[in-house]
Amino acid sequence: MMVNVLYFASFREMLGKADEQLPATHGDVQSLIAELATRGDNWKQALLDNQNLQIAVNHDVASRDTRIQAGDEVAFFPPVTGG
Amino acid sequence: MMVNVLYFASFREMLGKADEQLPATHGDVQSLIAELATRGDNWKQALLDNQNLQIAVNHDVASRDTRIQAGDEVAFFPPVTGG
Amino acid sequence: MAHFPHIKIQQEDFDLSTEIARLREGHADIGAVVSFVGTVRDINEGDDVAVLELEHYPGMTEKALEKIRLEAHERWALESSVIIHRIGKMYPTDQIVLVAVSSRHRENAFYASHFIMDYLKTNAPFWKKETLPNGEERWVDARLSDKDAEKRWK
Amino acid sequence: MAHFPHIKIQQEDFDLSTEIARLREGHADIGAVVSFVGTVRDINEGDDVAVLELEHYPGMTEKALEKIRLEAHERWALESSVIIHRIGKMYPTDQIVLVAVSSRHRENAFYASHFIMDYLKTNAPFWKKETLPNGEERWVDARLSDKDAEKRWK
């Protein structure tokens with residue numbers, strides 16, 4: 001009953017973590033972010049206070065309102081710069 | 001004291017001629033066309049009555065009003081279809 | 001995971017002629033092939049660039065690119081298309097990305113390839129990190145102009 | 001006659017990768033290369049096509065293409081460009097024409113290559129003759145849509 005959480009690019013470096021498993025106790029992305037933001041200033045800045053935060057749930061673009069459940073993969077990352 | 005006259009693509013086939021030298025007695029393209037059109041119906045149709053006639057003088061796009069003089073190269077052809 | 005034969009994420013370089021031949025194979029009614037190749041510039045934001053490193057989000061990348069590719073096929077009459085994006089370390093003048101589209105008439109291939117690149121830039125999860133000649137590393141910032149480019153197609 | 005190193009009129013085929021490598025040589029600040037390849041379709045106006053023969057006006061062709069190429073360089077910030085057009089007999093799936101443009105940023109290369117093709121179609125003195133499978137020969141008609149495509153850039 002876990003969700004898989006991923007961090008990419010500058011987020012991975014800033015948060016010191018590429019991925020982690022968390023209990024699926026959050027109804028939506030917003031509530032997951034709220035909990036993560038309590039870990040410290042870098043978490044709060046990257047996820048809670050960041051207007052440019054990009055979110056994906058199960059490989060699709062998502063938003064703070066997107067519902068999450070056990071088995072989902074949630075990813076946080078900065079704006080993309082490929083091509 | 002001649003002009004070089006060229007015919008391309010369907011014009012060359014219709015007129016039975018790829019190029020010829022003519023005396024430089026024509027002030028402009030229009031008067032050269034008027035003379036050529038007296039050679040027969042195929043000449044009249046291709047050059048005088050043809051709204052899609054394309055003209056070049058010395059390798060530049062030209063019109064019936066373009067002046068011509070000895071040494072010039074005048075070309076007549078249908079709309080282009082390259083690419 | 002789904003199979004995406006027209007999407008390739010790879011470390012190795014690609015050969016343009018080979019990829020275009022593959023794209024055209026079995027399509028004798030193609031009249032136009034437009035291809036875009038993105039390459040590593042030796043300068044970015046005024047600084048020399050020594051190394052460019054491309055990171056991506058495996059799984060989401062393929063899904064995002066296939067979605068963009070299929071949307072291009074819905075918008076324009078296309079014969080075939082391919083997207084190749086390299087990952088890992090690259091150096092100035094290296095090829096990074098290929099978008100190639102074939103169609104009967106040229107206009108569709110021009111628009112579709114431009115559309116795919118504009119959407120790839122803002123929707124596919126790739127991130128670039130530059131290393132300067134002095135060893136300093138920095139993440140490349142997203143460009144506002146890329147957001148504007150995407151909006152044109154709405 | 002003037003020398004046009006970026007314009008080639010030739011009977012022989014061309015290799016895309018080789019031509020793009022040549023186009024990029026010595027330009028380490030290129031970020032984008034857009035190329036268009038026009039190919040012989042096996043069908044035109046509903047009929048099978050067996051052979052396509054390309055005639056041109058030597059001298060005027062080079063001058064017209066160089067004029068179009070230079071106008072593209074005036075309109076957009078480009079690094080380099082090349083136009084190759086084949087003449088003589090060609091067969092379905094053969095390559096006919098290459099227009100390739102490089103620039104720092106992709107938008108300029110997309111617009112410039114599209115512009116060059118649209119102008120080439122209506123301003124460069126080439127003519128196509130088709131041979132059908134039964135041996136019948138016919139000159140290809142100019143398309144009104146090509147005139148419209150050119151007008152977009154005015």
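As the structure is a computational prediction, the values presented were derived from the model and not from experiment. Residue numbers start from 1 in every chain, and the chains themselves are labelled A, B, ... in the order their sequence lines are given, proteins ahead of strands.
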Completion exercise
For D/M60 and B/H59 the tightest heavy-atom approach is CG-O, 3.3 Å

Exercise for the section: Tell me the residues of residues 61-83 of chain B whose non-hydrogen atoms fall below 4.5 Å from those of chain D, in number order. Expected result: B/V61, B/E73, B/A75, B/F77, B/P78, B/P79, B/V80, B/T81, B/G82, B/G83

Exercise for the section: Please look at B/E13 and chain D and tell me whether the side chain, the backbone, both or neither of the residue comes under 4.5 angstrom of a heavy atom of that chain. Expected result: side chain

Practice task
May I ask you to list the residues in residues 145-154 of chain D that approach chain B closer than 4.5 angstrom, counting heavy atoms only, ordered by number?
Solution key: none

Handout entry: Neighbourhood of chain D inside residues 23-35 of chain B, taking heavy atoms under 4.5 Å as contact
Key = none

Exercise for the section: Name the region of B/N52, side chain, backbone, both or neither, that has any atom closer than 4.5 Å to a heavy atom of chain D. Expected result: neither

Handout entry: CD/D/E25: more than 12 non-hydrogen atoms of other groups inside 6.0 Å
Key = no

Exercise for the section: May I ask you to decide if B/D60's main-chain N or O and D/K67's side chain share a donor-acceptor pair within less than 3.5 Å? Expected result: no

Handout entry: Minimum heavy-atom distance between B/F8 and D/H56, given as atom pair plus value
Key = CE2-O, 3.6 Å

Practice task
Write out, in numerical order, the residues from residues 107-131 of chain D with a heavy atom short of 4.5 Å from a heavy atom in chain B.
Solution key: D/M117, D/L120, D/K121, D/T122, D/N123, D/A124, D/P125, D/F126, D/W127, D/K128, D/K129

